[in-house]
Amino acid sequence: MLSILNPHDHYNSLLSFLPFSRSETQADTSGQCIASSKEVFSFRAYLESLASVAVVTVRAYAHYAAKFVPHEWAETVEGVLPAEVARLLKGLLSEDPNGSIKVESISFDEENAVKQSLDATSASNVVEIPDSVTEAARRLDHNDLDAEPPPCPASSHTVEQQKSSAIPHVQPSPCKKPTIPRFYTRSRPCMKAKLQSLMDTLQPTFMTPDGKLEKALSEREFLPVTEGCGLPRYLNARMFQRMQCHPPSVTSVDALEHEKGLAAIAWSDFTRNWRKLYTKYDGNIDSLTFDLLLPTGQGRAYLVPADFEVVVREIIAAHPSFDFLRSSPIFQDRYVETVIARIFYIKPTPAKHRMTLREYRKIKFLDMLRGVENADTCLGLSMPPPFSYKDFYVVYCRFWELDTDRDMLLTSADLERYSQGALTRLACRRAVDLYGTRVVVHDPEEGIPDANVRKGNNEESYLVEEKAFTFTDFVTFLLAVEDKTTHAAIEYWFHVLDLDQDGCLSLLELETMWAWQKNRLLDFEAYNLVDFFSVLMDSLHGKASSAPIITLSDLKRAPHAADMVFNLLFDARKREEWVRRTCDAGYRMADEVWLDIGKGETIWWEYGTSERDGATKIRLEGWPKFVEVAYRELLGAETTDEEEDDTSSVSSFASDRWVGGDE
C-alpha cells in the first residue's frame, strides 16, 4: 500500500529537478535564454515524463485528501495543493488516457510508475531525469501524514511565467534551520575588566615608600590582600601558601610551621598565580576557594578532613573570642577535630570522608566563615553551629564521662553507659562495628601477650585488635543520637538497624531489635509482635503497605516519624520523654527551652525567632536544645523549682528502669 508524503514535501521533491542547466541553453544579446528546436523537443518530452509522474502524485494526494474532504477530485486537489500547482496538474490530467480519477479503493505502486516514466524518457535519448524523483518515491515511508509543512515554502511560478520563458529556471529554496541564541555566554570582557580593577586596587599594597613594586609581603602583611580579593580572613593562610612562587604540596600545620616568617610573596608571584586561579573559575568564589583548600601536587578533586585543619587553626589564632584556648594545645586539637567532624556530618553524604565541589557548595562553607567573622562571641547564637565552643564543650564532657580509662577510646561497653544506659546493647555494638576505628587495646582475658613487655615485669600485657570509637567517631555518634530527625542521623541509624546490609529493614531485623528493647519500656507499651509492626508501618506509611519492609527513603520522607521509630527500637530515654510530652501538658511546657534575644544581637540564620511575652525569643529543638540543657547542667546553672523536680524525677525513674534492662 502506498504511504503518502506531506504534500509540501512531496511537491518540493518532485519539482526540484525542473530547471535545466545553463549549459543546455543559448543566450541572446539581451541576456535572455533562448531554447533551440532540439531543446524545445527535449523540454516537451521532459514535461510528458513529468506528467506521468504527476498523475500518480495527484492520485495519491486525492486519495489522501478524500478521506477528510468528501468532494470531487478536482476540488480535493485545489484544497490540498497550492493554487498554481493545482492549475498546472489539472491541465496535465485532462489528457490522461485512463479518464477521470477514482478515489475509492485506490492502491498504487508509485515506485513502479516512476520507474516506467524514467524508462520511457531514457528510450527517447533526449533528456535524462535526475534521480531525485526515484529518491522521493523511496522516502515516502519515512514521513508523517500529519506533519506540519516545513518553515520555508517552495518557490512557485505561475503558468503565465512559465509560458513567457522557454526554459524556466526555478531554484529550490533550501530549508534553513532556525538560529537558537545561546542561553548562557561567558562574559569574558566583563570578567577581565573586573580582574584588572581588582589588581589595580591591590597594587599599592606591594609598593615600597619610593613607589616601586618591590615589596614582598609576609603572611601577616598579606591579610589585606586576602580580604581585598573577597575572601574571608581565615583563608589567609591557604591563600598565602598558594600564591607563593613554589607552593607547598602539603596542608598539615606541622609541615608548614618552619616556613612561617621565612616565605614572602612579591607582586609578580601574586599577579601570576592569582590571574591563573581567577580566570580558571571565571571568578566563581566557591570553586576558587575549593581549589585553594586542595593541596597542590596530589591531583585530588575532593577534600579530606585534613584540608580544613589550616582554616580552623587560623580561626583559633585570629578570632578574639578564642584567646583563652590558645594556651591549651590539647583542647585546640579536640576543638579542631570537633569542627571538622561536624562539617563532614552536615554534607549530603556524611558516611564518606571526602567532599566534592557539589557538597562543598551545599554546606555553604564560605557563609560559615563569614558568620565566624561577624560573631562577637564563641558561645552565643551568632556563631555558626559547627564552630560553637559551647557545642564542643558539651561533646568533650560527654566523652570524658564515658572514657574512664583515659585512653581516648570508647568501646561498645563504654558506650552502653551513655545517658544512664538508654541505648540497647545491640545498637551500641552495631554502631561501634560500623562506624568505629580499628585499634589495639588492652584485654587480659582475650588478648595475646605483648612481645615488647620485658620478662622482669610482674604483670604481662595482653593486646587485642578490635573496633572502638575515637573522639571524632564519638562526635558523629552524639550528633546522630541526640537529633534523629536530620537526614544524616536517619542514614546513620538506618545502617545500624540493617543487620544484613541489604538496603531495607525486614520484619526479621525489626523483630531482632525489638527483642532487646521491649522489656525496657513502660508497662502500657508492652506490644505484642503484630501490634509492634502495625505501629511502625502506620507511623511511616500512613496506610497499608504492599511490602512489609522499611526503606531509607521511607524514613527520610517522614523525619519525625523516623525519630519515633528509632526511639521505639533502641532508645528508651527518648521514647519515655516522647510519651510524657504527649500525655502531660505540664511536662511539655516545662520541657521547652527558650532563649531571649537582646536588641541588636545577631543570630545565625538557622535559628528562627518568634515573639513571646512581648520579647523576641528563640525556641530550641533537637541538637541546640540538647546543647543548651547540657551546658546549663555542666555549669551548675540554677533553674526553677519545677524544672529541677522534673529533671530529678526523670533521672531517678530512668536509672531504675534502664540500667541492666536488656540483660
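In what follows, every heavy atom counts, from backbone to side chain, and hydrogens, waters and symmetry copies are set aside.
- Across Asp563, Ile490, Val565, a single residue satisfies side-chain contact (heavy atoms from CB on, under 4.5 Å) together with Lys484, and that is Asp563.
- No donor-acceptor distance shorter than 3.5 angstrom exists from the side chain of Glu482 to the backbone of Leu479, with no hydrogens or angles considered.
- A donor and an acceptor atom, one from each side chain of Glu592 and Trp594, are located under 3.5 Å apart.
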Pairs under 3.5 angstrom only: tabulate donor-acceptor contacts from the side chains of residues 338-350 to other protein residues two or more places apart or in another chain.
| unit_1 | atom_1 | unit_2 | atom_2 | d |
| --- | --- | --- | --- | --- |
| Thr338 | OG1 | Arg334 | O | 2.8 |
| Arg342 | NH1 | Pro385 | O | 2.8 |
| Arg342 | NH1 | Asp391 | OD2 | 2.5 |
| Tyr345 | OH | Ala489 | N | 3.4 |
| Lys347 | NZ | Thr349 | O | 2.3 |
| Lys347 | NZ | Thr349 | OG1 | 3.1 |
| Lys347 | NZ | Lys352 | O | 3.0 |
| Lys347 | NZ | Arg354 | O | 3.0 |
| Thr349 | OG1 | Glu359 | OE2 | 2.3 |

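- Using cut-offs of 30° and 60° on the angle between ring planes, the pair Tyr418 and Phe474 is perpendicular.
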Item to check | Derivation of the side chain to side chain donor-acceptor pair (under 3.5 Å) call for Asp483 and Thr486 | outcome: CA-CA 7 Å; Asp483 189 1; Thr486 62; 5.3 Å; no
Checklist entry - Should Cys229 and Trp274 be marked as a side-chain contact (heavy atoms from CB on, under 4.5 Å) after you check the CA-CA gap, both sets of side-chain angles, and the distance that decides it? => result CA-CA 9 Å; Cys229 293; Trp274 177 250; 3.7 Å; yes
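- With a 6.0 Å cutoff to the six-membered ring centre and a 45° limit on the axis angle, Lys390 counts as a cation-pi contact of Tyr631.
- Counting only heavy atoms from C-beta outward, the side chains of Leu410 and Val432 never approach each other to under 4.5 Å.
- Closest approach of Cys378 and Phe324 over heavy atoms only: SG-CE2, 4.0 Å.
- Looking at Asn273, its side chain never comes within 3.5 Å of a backbone N or O of Phe270 through a donor-acceptor pair.
- In summary, Arg272 and Asp269 engage in a salt bridge, as defined by a charged side-chain N under 4.0 Å from a carboxylate O.
- Contact annotation: the side chain of Phe626 never approaches that of Leu620 to less than 4.5 Å [non-hydrogen atoms, C-beta and beyond].
- Judged by distance alone, with hydrogens and angles left aside, the side-chain atoms of Asp307 form a donor-acceptor pair with the main-chain N or O of Val304 at under 3.5 Å.
- Looking only at atom types and distance, the side chain of Thr437 has a donor-acceptor partner in the side chain of Asp473 under 3.5 Å away.
- Using modelled atom types, one finds no donor on one side chain facing an acceptor on the other under 3.5 Å when comparing Asp414 with Thr404.
- For the pair His319 (side chain) and Val372 (backbone), a donor-acceptor distance under 3.5 Å is present.
- Defined by atom type and a distance below 3.5 Å, a donor-acceptor pair is missing between the side-chain atoms of Thr470 and Thr472.
- Side-chain polar atoms of Ser287 and Tyr360 form no donor-acceptor pair below 3.5 angstrom.
- Side-chain N or O atoms of Asp282 include none that pairs as donor or acceptor with a backbone N or O of Asn284 at under 3.5 Å.
- Between Arg313 and Asp333, at least one side-chain nitrogen of the basic residue sits less than 4.0 Å from a carboxylate oxygen of the acidic one, meeting the salt-bridge criterion.
- With Thr377 contributing its side chain and Leu379 its backbone, the two residues share a donor-acceptor pair below 3.5 Å.
- Here the side chains of Thr289 and Phe365 are not in contact, with every heavy-atom distance at 4.5 Å or above.
- At least one donor-acceptor pair closer than 3.5 Å links the side chain of Lys467 to the backbone N or O of Asp433.
- Here the side chain of Arg238 pairs a donor or acceptor atom with the backbone of Leu294 at under 3.5 angstrom.
- At distances below 3.5 Å, at least one donor-acceptor pair connects side-chain atoms of Tyr435 with backbone N or O atoms of Tyr492.
- Here the side chain of Gln332 pairs a donor or acceptor atom with the backbone of Arg326 at under 3.5 angstrom.
- Contact detail for Phe471 and Tyr396: the closest heavy-atom pair is CE1-CD1, 3.8 Å.
- Comment: Arg398 engages Glu401 in a salt bridge, judged by a side-chain N to carboxylate O separation of less than 4.0 angstrom.
- In this structure, Arg580 and Arg575 have side chains that are not in contact, with every pair of non-hydrogen atoms separated by 4.5 Å or more.
- For the residue pair Asp200 and Ser197, no side-chain donor N or O sits within less than 3.5 Å of a side-chain acceptor on the partner.
- Under the 4.0 Å criterion applied to side-chain N and carboxylate O atoms, Arg573 and Glu577 are assigned as salt-bridge partners.
- The shortest side-chain heavy-atom distance between Arg557 and Ser553 falls under the 4.5 Å cut-off.
- The existence of a salt bridge linking Glu373 and Arg233 is excluded, since no basic side-chain nitrogen approaches an acidic carboxylate oxygen closer than 4.0 Å.
- Tyr281 and Asp291 form a side-chain donor-acceptor contact under 3.5 Å, judged by distance and modelled atom types alone.
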